[in-house]
There are 2 protein chains.
Amino acid sequence: MLSMKAKYALKALGYLARKPDTRFGIERIAEAENIPYKFLEAILTELRKSNVIDSKRGAAGGVKLARAPKDISIGDVIRLMDGPIALLPCASITRYRACDDCPDEAACRLRQVMIDARLAIADVLDERTLADLASRSPLPSERRLTDDDLG
Amino acid sequence: MLSMKAKYALKALGYLARKPDTRFGIERIAEAENIPYKFLEAILTELRKSNVIDSKRGAAGGVKLARAPKDISIGDVIRLMDGPIALLPCASITRYRACDDCPDEAACRLRQVMIDARLAIADVLDERTLADLASRSPLPSERRLTDDDLG
DNA sequence: CATAATTCCTACTTATCCTATAGGAATAAA
DNA sequence: TTTATTCCTATAGGATAAGTAGGAATTATG
Ligand code: FES
Ligand code: FES
């Protein structure tokens, strides 16, 4: 399960993705997406430090995406908030760590299963981006490339 | 990430799956798989209560699988130990729960992505079983059906 | 310049979960 | 009766989750 932090981050970024060039105040986002204000503030600070959003202080300040929605993958947001997507450290590609308890990693069958699982889920999460979260209903113009390729 | 509990459970069950009809002492499993003894004991108690293993007390006691290895999926073990596999409660099939903060679930784009992710990962974890964890190296006789189908 | 709006920073809290560990009771085999 | 083993209850320290509070710094605007 994702943490609330990751979920709120995705919802807030999805909100921003609907008007990528407009700056929105945190309070407005919090209200629109039902996110506790102070909590969202902390989350957005983290996203700013990771260069996902760009913020501006003072009156008429606010936040907006630092890049185009389609260039921010859902997988990356989750990794920033919750850490690796893989189910075991030894199955993570972006943040691999050996398992203390497995003497022979190459022979570990559990690892193989978990690598397969991690590939399957990362396939989905790294292909989808904030652009996919932006619209309310799936419009033809918003379909992903792979769909267009078939036509 | 899986908890240590889930990981240990899978390793211990994988150990038992190598000789499904033999009873093994907990201490022996703990040593073989580098799992803290008392922790493993607690884990196995839970697995017994869920009818995954069958145990026997006293001298020459021990534990063994309650069913054939191929009838215990990895996904089920993870669900027992760590809860739902889905990344959001609203995307879980086995343990669905509505999201408090989303006013309109049907219009929620995040949910759609997470349902796709959950399908992708459950596809892997529910198809693989303890039988896949049983052997040290992938022998031809142990290949999964999908592989054989190609031949 | 004064004011209002807004993000930024530091610190704190409260509850829950994770990862175990300890000690002994119950059971069964030899 | 002894020994080996699981079963049960209780505990515990540390980390993480999910916020909350208060004020400092910055900026637009009149
Ligand atoms: S190497 Fe990670 S589970 Fe075996
Ligand atoms: S309904 Fe669950 S995230 Fe929107």
Side-chain angles (χ1 to χ4, degrees), chain A residues 1-12 16 22-66 78 80-84 87-89 99-101, chain B residues 1-12 16 22-66 78 80-84 87-89 99-101:
Chain A
M1 286 278 188
L2 293 184
S3 66
M4 285 298 132
K5 197 168 108 181
K7 181 182 178 182
Y8 291 158
L10 286 168
K11 289 182 72 175
L16 291 178
T22 312
R23 227 174 258 287
F24 291 100
I26 296 175
E27 192 169 11
R28 176 161 171 189
I29 303 171
E31 273 167 18
E33 299 290 344
N34 293 308
I35 303 170
Y37 171 72
K38 275 296 195 179
F39 196 11
L40 179 57
E41 213 181 275
I43 291 166
L44 292 178
T45 297
E46 242 179 288
L47 289 172
R48 177 182 50 80
K49 288 182 177 161
S50 306
N51 297 316
V52 174
I53 62 171
D54 167 66
S55 67
K56 196 176 161 194
R57 303 217 254 194
V63 299
K64 70 181 186 65
L65 297 183
I78 293 177
L80 281 173
M81 296 291 111
D82 283 3
L87 294 178
L88 289 179
C99 289
D100 300 338
D101 46 309
Chain B
M1 285 279 187
L2 294 185
S3 66
M4 285 298 131
K5 197 168 108 180
K7 181 182 177 183
Y8 290 158
L10 287 168
K11 289 182 73 174
L16 291 177
T22 312
R23 226 173 259 286
F24 290 100
I26 296 176
E27 192 169 12
R28 176 162 171 188
I29 304 171
E31 274 167 17
E33 299 291 344
N34 294 308
I35 303 171
Y37 172 73
K38 276 295 193 179
F39 196 11
L40 180 57
E41 213 181 276
I43 291 167
L44 291 178
T45 296
E46 241 179 289
L47 289 172
R48 177 181 51 81
K49 287 182 177 162
S50 305
N51 296 315
V52 174
I53 61 171
D54 167 66
S55 66
K56 196 177 160 193
R57 302 218 253 193
V63 298
K64 70 182 186 64
L65 297 182
I78 293 177
L80 281 173
M81 297 290 111
D82 282 3
L87 293 179
L88 290 178
C99 289
D100 301 339
D101 47 309

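First the proteins, then the strands, lettered A, B, ... as listed; each starts at 1.
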Protein-to-nucleotide contact annotation, 5' to 3' order, nucleotides 9-16 of chain C [B base; S sugar-phosphate only; - none; under 4.0 Å, heavy atom]: B-------

By side-chain hydrogen bond (donor to acceptor under 3.5 Å, both in side chains) - contacts of Glu46(B) (at least two apart): Lys5(B)

N or O in side chain of Tyr8(B) less than 4.0 angstrom from dC18(C) OP1/OP2: no

Spacing of Tyr37(A) atom OH relative to dA18(D) atom C1', expressed in whole Å: 17 Å

Nearest-0.5 Å distance, CE of residue Met1(A) to CG of residue Asp82(B): 11.0 Å

d(CG, Asp101(A); P, dT19(C)) in whole Å: 12 Å

OG1-CG distance between Thr22(B) and Leu65(B), expressed to the nearest 0.5 angstrom: 10.0 Å

Worked check of side chain to side chain contact (heavy atoms under 4.5 Å, CB included) between Leu2(B) and Leu10(B): CA-CA 11 Å; Leu2(B) 294 185; Leu10(B) 287 168; 4.1 Å; yes

Integer-rounded Å distance: dT27(D) P and Arg23(A) CZ: 11 Å

Pairwise distance CD1(Ile29(B)) to CD1(Ile35(B)) - rounded to 0.5 angstrom: 8.0 Å

Value in whole Å for how far the C1' atom of dC18(C) lies from CE of Met1(B): 15 Å

Comparing Ala60(A) and Met4(B) on DNA chain C - which has the more 5′ nearest nucleotide: Ala60(A)

Flag, side chain of Lys56(A) to backbone of Arg23(A), donor-acceptor distance under 3.5 Å: no

Length of the CZ-P vector between Phe39(A) and dA21(D), whole Å: 14 Å

Touch class at under 4.0 angstrom, heavy-atom based, for Ile26(A) against every strand present: sugar-phosphate

Phosphate OP1/OP2 of dC17(C): any Ser3(B) side-chain N/O under 4.0 Å: no

Lys38(B)/Glu41(B) salt bridge by N-O under 4.0 Å criterion: yes

Any Lys56(A) side-chain nitrogen or oxygen under 4.0 Å from OP1 or OP2 of dC8(C): no

Distances for protein N/O vs nucleotides 10-14 of chain D N/O pairs under 3.5 angstrom?
none

Straight-line distance of Ile43(B) CD1 to Leu80(B) CG, nearest 0.5 Å: 12.5 Å

Between dT19(C) (P) and Asn34(B) (CG): distance, integer Å: 16 Å

Whole-Å distance separating the CD1 atom of Ile53(B) from the C1' atom of dT6(D): 10 Å

Nearest-angstrom distance from the residue atom CD of Glu27(A) to P of dA5(C): 10 Å

Check: Asn51(B) side chain, Ala66(B) main-chain N or O, donor-acceptor pair, under 3.5 Å: no

